[in-house]
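In what follows, chains are A, B, ... by sequence order, proteins preceding strands, each numbered from 1.
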Protein chains: 2
Amino acid sequence: MRAEVAAIAGDLMLERGYERTTVEDICAAAEISRSTFFRYFPSKEDALFGLTLDAGEDLREALVARPDSETPWTAMRRALDPLIEKYEADDERVRLLTRLVVTTPALLARHQEKNARWHELLRAEVSRRLGADPDDRADPRVDALVGASLACVHAALTAWTTGERPGVKLSVILDRAMDAIA
Amino acid sequence: MRAEVAAIAGDLMLERGYERTTVEDICAAAEISRSTFFRYFPSKEDALFGLTLDAGEDLREALVARPDSETPWTAMRRALDPLIEKYEADDERVRLLTRLVVTTPALLARHQEKNARWHELLRAEVSRRLGADPDDRADPRVDALVGASLACVHAALTAWTTGERPGVKLSVILDRAMDAIA
DNA sequence: TCAAATCTGGTACTGTGTCTCATGTTTGGA
DNA sequence: TCCAAACATGAGACACAGTACCAGATTTGA
């Protein structure tokens with residue numbers, strides 16, 4: 001049911017844009033009340049993000065699984081592989097939705113808020129790999145490393161979604177992005 | 001006048017937090033109407049950001065002024081010097097306001113929206129330095145480089161504002177952040 | 001079959017942001 | 001000095017997101 005409403009919301013937003021789709025529009029199309037909508041989703045943005053399951057914990061586990069011999073940067077890149085593969089495996093609709101997110105300021109803001117949660121999840125492991133004090137808030141290296149990695153993901157997603165239809169593979173784009181820095 | 005309202009807004013938000021300060025509260029304290037408030041500032045968030053002048057164009061010019069012999073990463077780091085100095089020179093109030101921004105999701109989102117504008121301004125010059133096609137949307141290197149730099153700035157600001165009062169200099173923190181990556 | 005738990009819809013409310021219209025208030029000539 | 005155009009301000013209505021509370025329906029399990 002939740003998934004069904006999310007699908008309808010996605011359709012409407014792809015068709016008319018995010019701002020020009022009101023919650024009432026979605027409710028009318030899904031034949032539910034406003035009350036029920038907000039019982040399903042804490043906010044209008046989440047009607048979109050609800051589809052893509054939260055991969056933060058998977059990402060953390062993938063990072064932990066990387067050998068210590070890898071630099072933090074390389075380990076991050078490899079830990080991202082499963083996530084990237086998931087994007088590549090998904091159908092065109094996911095790519096269009098991702099583009100909508102990347103190009104709509106309000107959605108992008110919420111997306112980065114989600115990324116901030118990933119960021120938190122990854123801090124401990126990156127900190128360990130750097131041999132840093134996890135509680136030392138004056139050490140910016142952990143946040144810099146994680147933030148820069150996620151910035152590369154964002155750059156790659158932007159390039160991937162705004163480019164031509166049969167474009168370069170996302171994994172290759174991400175390689176280019178991350179190699180350009182470290 | 002605008003600056004005065006912004007100062008009052010800052011006071012209230014520092015005292016009671018961002019969400020718990022309504023536009024009406026600010027209007028009452030500043031003795032203006034809601035209409036006038038929204039004529040001064042396009043949104044509640046901007047009552048805070050209105051204080052700090054937009055340094056995006058300065059940043060771009062500073063980057064252009066760096067010699068071509070520097071790598072893009074180094075050039076970015078050096079171009080950030082004037083901005084960093086400005087932060088360090090400002091009084092304690094600016095540091096508290098910055099902390100408020102960094103720790104309040106809604107404000108952070110808007111702040112990153114501003115950064116996205118900086119990002120756009122810097123694209124052309126970074127693209128030139130990389131010898132990339134500025135219109136090639138499939139090349140993620142430019143966005144990755146700029147995004148990662150700004151992520152480092154964010155990491156540094158977070159460390160700087162949440163740390164102890166007579167902490168490490170911001171420029172040193174930023175060095176640590178950017179050196180940790182490239 | 002009954003009763004508790006859950007799902008749903010309705011209504012009223014707060015808060016941000018937009019819009020329009022009616023007052024002032026300033027400014028710059030004649 | 002007076003008039004008029006430009007401008008700033010305030011008031012009110014509105015759209016929309018999100019919250020809180022309550023009442024009725026539906027399901028679930030003993």
For nucleotides 10-14 of chain C, print each protein N/O atom paired with a nucleotide N/O atom at under 3.5 Å, atom names and distance only.
residue : atom : partner : partner atom : Å
dG10(C) : N7   : S35(A)  : OG           : 2.9
dG10(C) : O6   : S35(A)  : OG           : 3.0

### Task
Would you indicate what F37(A) reaches in the nucleic acid, counting non-hydrogen atoms under 4.0 angstrom: base, sugar-phosphate, or nothing?
nothing
### Query
Going 5' to 3' along nucleotides 22-27 of chain C, which nucleotides have protein heavy atoms under 4.0 Å from the base (write B), which only from the sugar-phosphate (write S), and which from neither (write -)?
------
Can you tell me the distance, in whole Å, between the [atom1] atom of [X] and the [atom2] atom of [N]?
{"X": "E19(A)", "N": "dT16(C)", "atom1": "CD", "atom2": "C1'", "value": "14 Å"}
{"X": "E31(A)", "N": "dC7(C)", "atom1": "CD", "atom2": "P", "value": "20 Å"}
{"X": "M13(B)", "N": "dG15(C)", "atom1": "CE", "atom2": "P", "value": "14 Å"}
{"X": "F41(B)", "N": "dG15(C)", "atom1": "CZ", "atom2": "C1'", "value": "18 Å"}

### Task
Ignoring hydrogens and angles, tell me if any N or O in the side chain of K44(B) forms a donor-acceptor pair with the backbone of T21(B) under 3.5 Å.
yes
#### Entry: Pair E45(B), S43(B): side-chain N/O donor-acceptor within cut-off below 3.5 Å
yes
### Summary
Rounded to the nearest 0.5 angstrom, the OH-CD distance for Y40(A) and E4(A) is 9.0 Å
### Message
Going by ring-ring contact (aromatic ring centres under 6.0 Å, His included), name the residues that satisfy it together with F37(A), two or more places apart in sequence or in a different chain.
### Response
F41(A)
### Query
Hey, is R129(A) close enough to E125(A) for a salt bridge, meaning N to O under 4.0 Å?
yes
### Query
Can a salt bridge be assigned to the pair E120(A) and R117(A) using a cut-off of 4.0 Å between side-chain N and carboxylate O?
no
Could you list the donor-acceptor pairs under 3.5 angstrom formed by side chains in residues 7-20 of chain A, with sequence neighbours left out?
residue : atom : partner : partner atom : Å
D11(A)  : OD1  : R93(A)  : NH1          : 2.7
R16(A)  : NH2  : D25(A)  : OD2          : 2.7

### Summary
Residue set satisfying side chain to side chain donor-acceptor pair (under 3.5 Å) with H119(B), at least two apart, ordered chain then number -> D143(B)
### Task
Name all residues meeting the side chain to side chain donor-acceptor pair (under 3.5 Å) criterion together with T36(B); count only those two or more places apart in sequence or in a different chain, and write none if there are none.
S33(B)
### Task
Note the angle between the end axes of the helix from dT1(C)-dA30(D) to dA30(C)-dT1(D), five pairs defining each, rounded to 10 degrees.
0°
### Task
Quick one: list whatever passes side chain to side chain contact (heavy atoms under 4.5 Å, CB included) with E70(A), sequence neighbours left out.
R66(A), P67(A), T74(A), A75(A), R78(A)
### Query
Along DNA chain D, 5' to 3', what are the outermost nucleotides having an atom less than 4.0 Å from a heavy atom of chain A?
dC16(D) to dT19(D)
Name the atoms and distances for all side-chain donor-acceptor pairs under 3.5 Å in residues 147-161 of chain B, with sequence neighbours left out.
residue : atom : partner : partner atom : Å
S149(B) : OG   : L145(B) : O            : 2.7
T158(B) : OG1  : H154(B) : O            : 2.8
T161(B) : OG1  : L157(B) : O            : 2.8
T161(B) : OG1  : T158(B) : O            : 3.3

Run the side-chain donor-acceptor check on residues 168-182 of chain B: report pairs under 3.5 Å with partners two or more places apart or on a different chain.
residue : atom : partner : partner atom : Å
D175(B) : OD1  : R77(B)  : NE           : 2.7
D175(B) : OD1  : R77(B)  : NH2          : 3.1

### Query
Who are the salt bridge (charged side-chain N to carboxylate O under 4.0 Å, His left out) partners of E61(B), not counting sequence neighbours?
none
